[in-house]
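Inspection log for the structure reproduced underneath, given as structure tokens.
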Amino acid sequence: MPRFCDSNIESDAIIGKGIDLEELFDQRIVIEKIKIEPTKFPGKNASGMRMQMQVVINAQFNDTADADGDFFAKDANGKAIGTRRSVFTGSDNLMAEMKQAQNQWKTERVAKGLPPVDFVVFDTTIAKVGKMFHFT
């Protein structure tokens with residue numbers, strides 16, 4: 001009898017207990033998934049969109065990159081070691097930076113002869129500068 005886990009189907013569901021964005025400021029985290037969708041609270045930002053991120057907090061980081069170019073420690077399945085949390089933001093700036101970075105990384109992968117992917121997992125910190133948020 002087949003097993004679902006052998007199907008190579010990955011859910012696009014974002015897992016993890018919710019956390020406020022402010023709790024992530026100036027912490028090094030891993031971002032594993034995102035969803036950008038229309039907001040349920042129109043009028044809060046210019047785009048009318050919101051971004052949900054699956055982040056790994058308390059991640060372990062190495063001094064040198066692994067064969068994939070990642071600095072975060074991974075488990076046997078290649079996933080970042082740490083605690084998964086879910087965070088929402090309506091920050092148009094963070095959404096724009098995310099889209100720009102993901103497009104750049106996808107282009108770089110293709111240029112290196114690697115297959116295109118929908119999302120590139122990466123580590124970052126989120127900084128608050130004045131009233132704006134930025135990935136650093």
Side-chain angles (χ1 to χ4, degrees):
M1 173 178 297
R3 297 182 322 166
F4 184 82
C5 63
D6 295 331
S7 68
N8 292 326
I9 296 173
E10 281 197 39
S11 171
D12 67 346
I14 292 183
I15 61 169
K17 183 178 178 182
I19 189 171
D20 288 334
L21 186 66
E22 291 80 21
E23 294 180 58
L24 300 176
F25 291 159
D26 302 319
Q27 284 189 55
R28 192 169 177 189
I29 59 173
V30 176
I31 299 181
E32 291 185 316
K33 289 182 187 177
I34 64 160
K35 284 185 183 180
I36 298 177
E37 302 173 323
T39 184
K40 294 180 180 179
F41 305 101
K44 295 256 182 184
N45 61 11
S47 68
M49 304 298 282
R50 71 172 182 183
M51 178 168 59
Q52 183 181 16
M53 299 181 285
Q54 179 175 305
V55 301
V56 179
I57 61 172
N58 304 323
Q60 301 171 17
F61 294 95
N62 303 313
D63 293 332
T64 57
D66 63 13
D68 298 322
D70 298 322
F71 286 88
F72 53 88
K74 300 175 184 175
D75 63 16
N77 296 319
K79 303 288 184 186
I81 297 170
T83 305
R84 278 153 185 79
R85 301 296 294 266
S86 171
V87 62
F88 286 94
T89 182
S91 169
D92 287 328
N93 192 60
L94 285 182
M95 286 185 272
E97 288 179 354
M98 178 68 74
K99 288 177 185 177
Q100 184 179 1
Q102 288 295 322
N103 286 335
Q104 177 182 332
W105 293 330
K106 288 176 191 178
T107 301
E108 289 173 4
R109 283 183 58 85
V110 171
K112 292 178 183 176
L114 298 170
V117 294
D118 291 332
F119 183 78
V120 177
V121 176
F122 65 101
D123 69 274
T124 187
T125 58
I126 300 172
K128 183 176 182 182
V129 180
K131 293 185 178 184
M132 295 191 69
F133 308 137
H134 295 279
F135 291 113
T136 60

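If you read the sequence from its start, that first residue is 1, and numbering goes on from there. Because the structure is predicted, anything quoted here is derived from the model rather than measured. These values consider heavy atoms only, across backbone and side chains, with no hydrogens, waters or symmetry-generated copies.
Side chain of Gln102 to main chain of Phe119: no donor-acceptor pair is present (N/O by atom type, distance under 3.5 Å, no hydrogens or angles).
Applying the side-chain contact (heavy atoms from CB on, under 4.5 Å) test to Thr136 and every residue at least two apart in sequence or in another chain returns Thr125, Ala127. With sequence neighbours excluded, the residues that form a salt bridge (Lys or Arg N to Asp or Glu O under 4.0 Å) with Asp70 are Lys74. Annotation: ring pair (Phe, Tyr, Trp, His ring centres under 6.0 Å) contacts of Phe61 (sequence neighbours excluded): none. Every residue was checked against the side-chain contact (heavy atoms from CB on, under 4.5 Å) condition with Gln100, not counting sequence neighbours, and none meets it. With sequence neighbours excluded, the residues that form a salt bridge (Lys or Arg N to Asp or Glu O under 4.0 Å) with Glu32 are Arg84. Every residue two or more places apart in sequence or in another chain that forms a salt bridge (Lys or Arg N to Asp or Glu O under 4.0 Å) with Asp123 is listed here: Arg28. Taking Ala73 as the reference, Gln60, Asn62, Ile81 meet the side-chain contact (heavy atoms from CB on, under 4.5 Å) condition, with sequence neighbours excluded. Under the ring pair (Phe, Tyr, Trp, His ring centres under 6.0 Å) criterion, Phe72 pairs with no residue at all, not counting sequence neighbours. With sequence neighbours excluded, the residues forming a salt bridge (Lys or Arg N to Asp or Glu O under 4.0 Å) with Glu37 are Arg50, listed by chain and number. Annotation: ring pair (Phe, Tyr, Trp, His ring centres under 6.0 Å) contacts of Phe88 (sequence neighbours excluded): none.
Looking at every heavy atom in both residues, Val56 comes nearest to Ala80 through CG2-CB, 4.1 Å. The two atoms that bring Ile31 and Phe135 nearest to each other are CD1-CE2, 3.5 Å, heavy atoms only. For the pair Gly16 and Ser86, the tightest heavy-atom approach, listed with the atom from each and the gap, is O-CB, 3.4 Å.
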Residues Met51, Ser91; criterion side chain to side chain contact (heavy atoms under 4.5 Å, CB included); working and verdict: CA-CA 8 Å; Met51 178 168 59; Ser91 169; over 6 Å; no

Test side chain to side chain contact (heavy atoms under 4.5 Å, CB included) applied to Trp105 and Val117, step by step: CA-CA 9 Å; Trp105 293 330; Val117 294; over 6 Å; no

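Rounded to the nearest 0.5 angstrom, Thr89 OG1 and Leu24 CG are separated by 10.0 Å. Residue Ile126 holds its CD1 atom at 12.0 Å from NE2 of His134, rounded to the nearest 0.5 Å. For the atom pair Asn58 CG and Gln27 CD, the distance stands at 7.0 Å (nearest 0.5 Å). In this structure, the separation between CE on Met95 and CD1 on Ile36 is 6.5 Å, given to the nearest 0.5 Å.
A single hydrophobic cluster is seen to contain both Phe133 and Met49, as judged by linkage of ILVMFWY side chains at heavy-atom distances under 4.5 Å, directly or through other members. Under a hydrophobic-cluster definition in which Ile, Leu, Val, Met, Phe, Trp and Tyr are linked whenever side-chain heavy atoms come within less than 4.5 Å, directly or via other members, Phe71 and Val55 are assigned to different clusters. Met98 and Met132 are not part of a single hydrophobic cluster, where members link through side-chain heavy atoms under 4.5 Å apart. Hydrophobic clustering (ILVMFWY, side-chain heavy atoms < 4.5 Å, transitive): Ile57 and Ile14 are in distinct clusters.
A 4.5 Å side-chain heavy-atom check between Arg109 and Pro116 finds every atom pair outside the cut-off. Proximity of Met53 to Leu21: side-chain heavy atoms (C-beta onward) are separated by under 4.5 Å at one or more points.
For Lys35, the NZ atom is densely surrounded, since the number of other residues' heavy atoms within 6.0 Å is greater than 12. Within a 6.0 Å sphere centred on CG of Asp118, other residues, nucleotides and ligands contribute 12 heavy atoms or fewer.
The salt bridge (Lys or Arg N to Asp or Glu O under 4.0 Å) analysis of residues 55-64, with sequence neighbours excluded, yields no pairs. Sequence neighbours left out, not one pair with a member in residues 85-100 passes salt bridge (Lys or Arg N to Asp or Glu O under 4.0 Å).
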